[in-house]
**Student:** 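Encoded as structure tokens, here's the structure I'll be asking about.
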Amino acid sequence: MINSKKGPVTVKSLFESEKIEGSCDPATVYRLLQKLEKKKIIRKIGLHDRSTHFILNESGQHRDYVVCHDCGDVETLEMICPVEELENKVSKSTGFQDVYHELQFYGICPVCAKDK
Ligand SMILES: [Zn+2]
Ligand SMILES: [Zn+2]
């Protein structure tokens, strides 16, 4: 359900999906999301509560994001990660295992930029 869409999803967009609409009430979905978050299956990203995005925690996979400062929209970056190499260096120089990172860039999305 959550990963059927590319990138992070908002709760709002979950409710608007045809599969969910009318078949369960928002409170149930929120409870489920909270449970999944507690179990670290999903987690929240984004700036504002009203546009909180959820993403799946996939082990061995990471994504970098760009977040709109205005509307809180989150996009997955479709480019080769610039700092993956650094992970090895960090790992070597600190002795840490399973080093990972996550980047969030901030800016104004094209939609918000148009409104200005
Ligand atoms: Zn925006
Ligand atoms: Zn990265």
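When a ligand or atom number is given, it counts from 1 through the structure's own listing order.
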**Student:** Are side-chain heavy atoms of Val67 and Asp73 found at a separation under 4.5 Å?
**Tutor:** no

**Student:** Would you indicate whether the side-chain heavy atoms of Ile45 and Gln104 approach each other to under 4.5 Å?
**Tutor:** yes

**Student:** Does any part of the side chain of Leu33, heavy atoms only, come nearer than 4.5 Å to the side chain of Phe54, both counted from C-beta?
**Tutor:** yes

**Student:** Show the numbers, then the answer: is there a side-chain contact (heavy atoms from CB on, under 4.5 Å) between Cys81 and His101?
**Tutor:** CA-CA 10 Å; Cys81 178; His101 74 274; 3.2 Å; yes

**Student:** I'd like to know if the side chain of Ser91 reaches the main chain of Glu87, judged simply by a donor and an acceptor atom lying under 3.5 Å from each other, with no hydrogens or angles considered.
**Tutor:** no

**Student:** Starting from the C-alpha separation in whole Å, work towards a yes-or-no answer on salt bridge (charged side-chain N to carboxylate O under 4.0 Å, His left out) for Arg43 and Glu102.
**Tutor:** CA-CA 13 Å; Arg43 65 200 163 78; Glu102 195 171 78; 2.3 Å; yes

**Student:** With 2.8 Å as the limit, jot down which protein N, O or S atoms are around the Zn ion (ligand 2).
**Tutor:** His62 NE2, Asp64 OD1, Asp64 OD2, Cys81 SG, His101 NE2

**Student:** Under the side-chain contact (heavy atoms from CB on, under 4.5 Å) criterion, do Lys44 and His53 qualify, and how do the steps go?
**Tutor:** CA-CA 6 Å; Lys44 284 182 202 159; His53 286 61; over 6 Å; no

**Student:** Taking side chain as C-beta onward, heavy atoms only, is Ile41 less than 4.5 Å from Leu56?
**Tutor:** yes

**Student:** Do Thr76 and Tyr65 make a side-chain contact, defined as non-hydrogen atoms from C-beta onward lying under 4.5 Å apart?
**Tutor:** yes

**Student:** Could you enumerate the protein N, O or S atoms under 2.8 Å from the Zn ion (ligand 1), written like residue then atom name?
**Tutor:** Cys68 SG, Cys71 SG, Cys109 SG, Cys112 SG

